Amino acid sequence: MPIRLLSPEVASQIAAGEVIERPASVVKELLENSLDAGARSVTIAVEEAGKKLIEVADDGSGIPSEELELAVSRHATSKLVRSADLFSISTLGFRGEALASIGSVSRLTVTSRVQNEQEGARLRVEGGAASKLTKVGTTVGTTVRVEDLFYNVPARLKFLKSDTTERRATDALVTRYALAYPGKRFKLSDGKNVVLQTSGDGDRRAILAALYGVDVAKQMLEIQSEEEGFRLTGFISPTSLTRSNRRELTFFINGRWVHDVSLNTALLQAYHTLLMVGRYPLAALFLEIPPAEVDINVHPAKAEVRFRNPDKVFSFVQRSIRRALLAYSPVPNVAPSLWGITRTVPAEQEPRHVGLDWAIGHDEQLPGGSSQSSVNSEQLPADSNQSSVSSESSMVRGPSSTGSIPLLRLIGQIGATYLVAEGPDGLYLIDQHAAHERILFEKLMTQHAMKNIPSQALLTPVAVTLPPSSANILITQLSVLQHFGFDVEEFGPNTFQVRAMPALFMGSDPSAALRALVEDFEEDESPLQNEIEAKLAARVCKRMAVKAGQALSTEEQRALLNDLEACDSPRTCPHGRPTMIHLSVDMLERQFGRRGAR
Ligand code: ADP
Ligand code: MG
């Protein structure tokens with residue numbers, strides 16, 4: 001074939017391929033345009049997961065009628081003149097490509113009016129071809145309608161994921177932008193219901209609740225850190241709140257949502273030794289740095305950036321987060337007994353500073369122990385902790401992952417977190433949370449296998465409102481929940497009513513159970529029913545299990561040991577972590593120099 005120049009239509013479809021990958025990318029580009037136009041309010045409507053319709057309306061500055069045709073042409077932008085400006089850019093857009101790209105793969109209508117014009121104008125673009133401009137009466141601002149996305153690129157349509165997944169991507173995007181711009185009003189609807197609405201009053205925590213649910217939002221720690229023109233704000237989860245994947249790590253740099261491996265690493269390093277292996281925090285962080293410090297022109301969808309001084313950014317982020325984590329001390333939370341034995345714990349006896357503080361114990365000597373204290377990385381405990389942990393672990397024999405456990409004699413509870421017991425062959429330290437997780441899981445799975453999970457009606461049904469993305473998942477799982485003894489019904493937008501729950505969990509919070517069921521749900525999770533069910537069971541048991549830091553009565557401790565002894569796999573929790581550590585008589589003798597002294 002001879003070499004030919006591509007036709008403009010083909011060229012722009014190829015270009016569109018880089019920028020417009022899925023409905024959420026359209027929403028992102030349009031949102032960014034609205035924000036660039038100084039909008040105070042942005043209204044987004046998405047129908048059929050964005051395949052039928054995406055409409056973004058704003059009250060921004062608008063596009064003058066005579067520029068409308070230019071706006072939908074490739075490489076036409078009002079945001080950049082010289083290439084040198086790329087390094088001092090303060091707008092989100094600058095490539096002049098979004099509208100043209102969208103117009104080449106959909107039926108696009110742009111309606112806009114500027115302040116000093118009486119009338120607005122409307123332009124339609126179909127598969128890249130623009131129609132004639134028409135005058136229309138409209139308010140100041142811009143409305144962009146994108147219909148039948150990818151109607152002329154069937155291959156793209158085939159690459160889209162399920163409607164649920166595509167919708168979730170859009171929900172997640174809009175919610176994160178709302179969080180990044182708390183001073184703007186956002187409204188997202190799906191044709192029937194309002195999925196998200198923010199007030200624009202600047203309150204980030206309220207928006208955080210829309211993203212993660214009220215429970216989680218309340219627990220998130222606020223970050224505010226500033227150094228030499230760098231600023232980091234936002235929220236991170238305490239160490240007690242984790243997920244099984246990195247999907248909840250959100251970074252904005254100068255108002256732009258980016259995916260940056262090094263920022264994620266800085267964040268995770270700040271949590272080093274504070275989290276279990278395989279667990280990840282949640283974070284929504286907003287980094288502001290001088291525009292000259294970052295090159296934003298390295299990715300077609302502007303989703304990646306390059307730093308002029310990556311080490312500086314890395315250590316600033318890591319330090320800021322570590323400082324916030326250390327300044328935080330968890331408030332113990334005594335949940336209702338899960339054994340049906342009610343107990344009152346006098347306030348002063350409540351365990352304090354369990355868990356996290358053990359891992360970071362010596363940081364209490366920090367001046368004032370407050371968030372403002374300056375901690376430099378040399379003082380960080382990570383490494384010292386690391387070494388002491390590893391030298392200890394050479395002394396204790398980790399449990400093998402299978403096999404039953406011998407009869408144990410309870411000695412007591414330490415740190416309101418571990419049970420101490422004696423067996424025929426030495427000392428056992430049992431993690432009460434992991435052990436209880438295992439017990440609940442096996443009971444639930446046994447009942448499940450016998451197709452008989454006793455369900456108990458709640459005296460008063462509980463209404464639970466979930467973040468939109470979780471609500472969408474839950475709707476698809478209602479029948480699975482039924483098998484598990486949950487009676488849950490839809491009860492208005494994003495709201496569910498729990499009428500009954502497994503008798504096994506009676507006495508604990510039904511809304512926590514429901515949230516546990518959906519919070520870690522993987523995107524397009526395996527449709528294999530058995531796998532889903534075991535996973536759901538493990539998740540909900542984890543949430544319902546007694547926590548570290550919860551003082552237990554002697555009866556409760558004994559019941560826990562007995563139940564654990566009865567388990568098929570008592571040595572690990574359903575997530576594979578050990579429930580116990582065994583210090584054998586043999587090993588104790590060696591350590592005390594009674595036998596074969598080193
Ligand atoms: P870019 O944002 O990179 O400049 P776009 O193709 O997204 O490129 O938009 C082209 C131009 O159209 C923008 O530079 C801007 O002048 C104008 N424009 C697009 N959307 C809006 C909007 N919502 N409000 C005002 N002007 C807009
Ligand atoms: Mg743009």
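Both counts, for ligands and for their atoms, begin at 1 and track the order of listing. This is a predicted model, so every value here is computed, not measured.
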Legend entry - Contact flag T77/the Mg ion (ligand 2), N/O/S atoms, threshold under 2.8 Å: no

Inset, instruction - Say whether S104 and E9, considering side chains only, have a donor N or O and an acceptor N or O under 3.5 Å apart. - result: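 Per modelled atom types, S104 and E9 side chains form no pair under 3.5 Å.
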
Inset, instruction - Report yes or no: do R279 and T242 form a side-chain donor-acceptor pair below 3.5 Å? - result: yes

Legend entry - Nearest atoms (heavy-atom pairs only) where L123 meets V72: CD2-CG2, 3.7 Å

Inset, instruction - Run the ring-centre check on F316 versus F230 and record whether the distance is less than 6.0 Å. - result: yes

Legend entry - ligand 1: protein residues within heavy-atom distance under 4.0 Å: N33, S34, A37, D58, G62, I63, A71, A76, T77, S78, K79, G93, F94, R95, G96, E97, A98, L99, T142

Legend entry - Single hit among V19, V56, L92 for side-chain contact (heavy atoms from CB on, under 4.5 Å) with E29: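 Passing option: V19.
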
Inset, instruction - For the pair E293 and R308, find out whether any cationic side-chain nitrogen is under 4.0 Å from an anionic carboxylate oxygen. - result: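 So E293 pairs with R308 through a salt bridge.
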
